[in-house]
Each structure stands twice: as structure tokens, then as C-alpha cells.
Amino acid sequence: MTSAALACIAGAFEHPLRNNPHLSLAQIHEQVARGALADAGLSFSDVDGYFCAGDAPGLGPHSMVDYLGLQVRHVDTTDTGGSAPLLHAAHAAQAIAQGRCRVALVTMGGVPRSQPRLYGATVRPADATPEGPFESPYRGAVAPMYALVARRHMHEYGTTPRQLAWIKAAFSQHAQHNPHAMLRQVVTPDDVLASPLVADPLHRLDCCVVSDGGGALVVVHPDVMKSLAKPRIEIRGSGESVKGQLGGDVDLSWSATRHAGAAAFAHAGLGTQDIDYASLYDSFTITVLMQLEDLGFCAKGEGGRFVEEGGLLARGGRLPVNTDGGGLCNNHPANRGGMVKVIEAVRQLRGEAHPAVQVPGCEHALVSGVGGLLGSRHGSAVLILTRT
């Protein structure tokens, strides 16, 4: 039996605030954990597995298990940046299938907006990384590394900045219905193109928000799920992959999502035609375009036309995407947006999304996360969730 048949997401909670100057990292993790457990109808005493990544303060689970007062028999600190919460959900399902735990708690949180000094103090020197001595002299930064991918896509396939701008415009249409979203104002492609250039061809509105906050998930054994009131959301399939510089054979036309997505679809026994809703990582607009193509929702090079024709819209779109506004408009906590992607997929499957963006009869949802730099080395993870 697969892990997909043996685990369900019972609880999900997104921190409602985007600016938390008076909260510590530990407090945010505790608040989202408490919210997810309450959503599931469980308590801290029920938890016997804990999962976190590098955004958790202290020595990972050692510090947080003690702080949360947990009694656990399994922990996991896999860290792949923004895609880590997706891996944690998949790994929790695997741990449950192996009998290592029955109620797994996954938390993430951060305060890069209100307390950026915490992040500057903990970043490792570039030269300490294996690639540092070779790459740090070129002073590569986050936005330019994504801009490289965007420019290459434009060169290869004729994609335009206006087509990328349609992604932001679509998500702003969704964000207007989210009372917690950082940016609720609807924008047009013209507004995106009129915003300042950050790294050519990416404008400021092509970039995600920087927000405090976080989220948590509770993944449980199906026997536990039977006693709970929430709809049964199964982790049907999962996949993960890492892409680097491939020994100098660099090809920016595809991402690790290509392999992670293929594995998730094979695991789930489903195809793109079965997906009713998708949460796609949107650190930048180009990140969305790459995932659309690499997951197979459209052919390589056709993503620009897909989004320009309104394909991402909750109403009338071929594939409703990021109905909470995504990282481009709603929330990108701790500079790691994967957790929020899973939470909105759970809302859609439960029928709990805002009525203006709820996908009717949502049965299968896909969640895709990207952590790292799309233009150099990154890790992708894909989940397929099913309401049964």
C-alpha cells in the first residue's frame, strides 16, 4: 500500500497577520500549531510526530518540541527552502505508513518583514558554500537569478513581459476577496509594466510580497481521521527533485518541477486532466509560468498564451490557481511560501475558500513548491491531494 492511501490532512491554519513586530519566531510557530490542531479537533497531547525546517528557531525540533510541550517519537527537519512544507507533508505520510507516528504536526513561520535583522544575522557567508568561491564574485542575487530564467524563456519562446504581467493581474483578482491579503487592490498588466524594473525583465509587481506569519498542518493516520469532523483530504501522490548546474550543462528552460510533478502524478495515478485546482509557487511571475509548463498543464513555450487568455482565473479559467492571491498578493511568510500553498488547496477541497473563488465540486488539487534559486540550484516538491 502506498503512503498516499495511509495519511490525511486533518488540520490547516494560516497566521492571519502579515506584520508581527511583537511576536518571536517561537510564538508564531506555537500560534499556527495551536490553530491547526484546533482546526483538526486535536490537541498538543495527541501529537507524536513533528516536522520543521530552517525557519524554526533554535536547534530545529530539539528546541521546538520542548517549547511546544510535545511528546514525540519521530521528527524530520528536511529543508529545501520554500518547498520544505510540501516535503514534510509527504514525509509525514510516509512516516505514518511505516508506523513511526500517527499524528504529525508541521509548522513554519518567520518575521522577515518586521524583524529582518534576524535573517541577516543567520545567513551563512557565501564562500562557505561549495559553489561560493566560483559564484560569489559575480554577486548573484535572488531577483536576477529568476530574471535570467524569464529572459531565456522570452528568447526561446517569444514570451513577453505583458504575458508575465497577466499572472499578477489574475492573482490580484483573487486577492481582493481575501481580507488577510497584503495586496488586495486589483491591478492590470499595464500596472505591472508601469512598476519599476527590479531585474530586467522583472518589474516590482512581478515579485512576491515579503511578509511575517506562517502556517501549520496536521497529518494523521486514516483511523484518527475517522473520529474527526473535518472532510477527509488524502495525500494521494507526492514527488520531489533537485536541479543544480548539472556540471555546466545549464538549461534554464526547465525546472526540477518537471521530475517532481511526473513522480507525483505517477504516485497518484492521475493526470493533469484530473486536477480541479492548483496552488503554484509564485515567488515571481516566471516561477508560475515554468511550473505550468513543467507540470504538463500546457506545452513548453505555451505558458504565455495560457495565462494571457485568463487560464489561471477562479472563474472561467482553464486551471484556477492561487485563489488566495498567492505569494504575489497574499502572503509569503519567512520567504518560504510552500506552507500557504498547501493550506489554500485544503480550503478548496473542503469547500472553505471564499465563495467568489471557490472551485465548484473540487475533488483533486495539486500543490507545487520551489525552494532555492530557479536560475541556479533549487528543490521542487509536488503534492496531489484528494477529497474522498
Side-chain angles (χ1 to χ4, degrees), residues 140-176 183 185-209 243 250-258 261 272 278-323 325-330 332 337 341 366 368 370 372-376 378 380:
V142 175
M145 297 307 293
Y146 282 80
L148 283 175
V149 178
R151 181 56 70 190
R152 189 64 192 178
H153 203 280
M154 292 174 180
H155 173 77
E156 291 282 350
Y157 307 112
T159 308
T160 67
R162 177 170 290 276
Q163 288 175 325
L164 290 182
W166 276 103
I167 298 172
K168 171 74 170 196
F171 295 169
S172 74
Q173 289 282 346
H174 301 158
Q176 66 177 317
L183 304 178
Q185 181 177 350
V186 175
V187 299
T188 67
D190 286 336
D191 294 326
V192 178
L193 297 177
S195 65
L197 272 174
V198 173
D200 189 19
L202 299 179
H203 295 75
R204 184 169 63 193
L205 293 184
D206 284 300
C207 308
C208 69
V209 299
K243 182 188 177 190
V250 180
D251 184 350
L252 298 182
S253 69
W254 62 279
S255 72
T257 305
R258 172 189 290 182
T272 54
S279 284
L280 302 183
Y281 205 93
D282 56 343
S283 47
F284 298 87
T285 51
I286 184 60
T287 319
V288 176
L289 199 72
M290 293 292 288
Q291 290 167 99
L292 279 173
E293 297 177 348
D294 290 338
L295 289 165
F297 289 110
C298 61
K300 181 58 67 175
E302 295 184 1
R305 180 182 301 176
F306 186 104
V307 301
E308 190 174 28
E309 293 176 348
L312 308 180
L313 292 171
R315 290 289 181 263
R318 292 163 57 186
L319 178 70
V321 172
N322 294 1
T323 47
L328 287 170
C329 299
N330 171 36
H332 191 246
K341 299 293 176 281
L366 179 144
S368 178
V370 178
L373 301 178
L374 204 61
S376 59
H378 60 276
S380 295

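Counting begins at 1 with the first residue of the sequence.
Taking 4.5 Å as the limit, some side-chain heavy atom of M154 sits within range of a side-chain heavy atom of P201. Taking 4.5 Å as the limit, some side-chain heavy atom of L289 sits within range of a side-chain heavy atom of T159. Considering only heavy atoms from C-beta on, L328 comes within 4.5 Å of I167 through its side chain. A 4.5 Å side-chain heavy-atom check between R162 and V192 finds every atom pair outside the cut-off. Using a 4.5 Å cut-off on side-chain heavy atoms (C-beta onward), F284 and L164 make no contact. Between V198 and H203, every side-chain heavy-atom pair lies at or beyond the 4.5 Å cut-off. Side-chain contact between T257 and M290 is absent, with no heavy atoms from C-beta onward closer than 4.5 Å. Counting heavy atoms from C-beta on, the side chains of L295 and L280 come closer than 4.5 Å.
For the pair C208 and H332, the tightest heavy-atom approach, listed with the atom from each and the gap, is SG-ND1, 3.5 Å. S376 and M145 get closest at one heavy-atom pair: CB-CE, 3.7 Å. Pairing each heavy atom of A169 with each of S172, the nearest pair is O-OG, 2.7 Å. Between A175 and C329, the shortest heavy-atom contact is CB-CB, 3.6 Å. A278 approaches L319 most closely through the heavy-atom pair CB-CD2, 4.0 Å. Of all non-hydrogen atoms in Y281 and V288, the two that sit nearest each other are O-CG2, 3.7 Å.
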inquiry  = Run the side chain to side chain contact (heavy atoms under 4.5 Å, CB included) test on K168 and L183 for me, step by step, so that the C-alpha distance in whole Å, both residues' side-chain angles and the decisive distance to 0.1 Å come before the verdict.
reply    = CA-CA 11 Å; K168 171 74 170 196; L183 304 178; 3.6 Å; yes
request  = Quick one: do N322 and S279 satisfy side chain to side chain contact (heavy atoms under 4.5 Å, CB included)? Show the steps, please.
outcome  = CA-CA 5 Å; N322 294 1; S279 284; 4.1 Å; yes
request  = Please report the C-alpha distance between F171 and V321 in whole Å, then the side-chain angles of each, then the deciding distance to 0.1 Å, and finally whether the side chain to side chain contact (heavy atoms under 4.5 Å, CB included) criterion is met.
outcome  = CA-CA 8 Å; F171 295 169; V321 172; 3.6 Å; yes
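Side-chain rings of H378 and Y146 stay apart, their centers remaining 6.0 Å or farther from each other.
Within the structure, the side chain to side chain donor-acceptor pair (under 3.5 Å) test picks out the following pairs touching residues 290-301 (sequence neighbours left out): H153-E293, S255-D294, Q291-S368, E293-K300, D294-K300. Sorted by first and then second residue, the side chain to side chain donor-acceptor pair (under 3.5 Å) pairs involving residues 192-202 (not counting sequence neighbours) are R151-D200.
Judged by distance alone, the side chain of D191 and the main-chain N or O of T188 form a donor-acceptor pair under 3.5 Å.
Between D282 and K341, at least one side-chain N (NZ, or NE/NH1/NH2) sits under 4.0 Å from a carboxylate O, which counts as a salt bridge.
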List the atom pairs, with distances to 0.1 Å, where a side-chain N or O of residues 303-316 and a protein N or O form a donor-acceptor pair under 3.5 Å, not counting sequence neighbours.
from	atom 1	to	atom 2	distance (Å)
E308	OE1	Q163	NE2	3.1
R315	NH1	Q358	O	2.8
R315	NH2	P355	O	2.9
R315	NH2	Q358	O	3.2

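If you take OG1 on T287 and CG on L292, they are separated by 11.0 Å, rounding to the nearest 0.5 Å.
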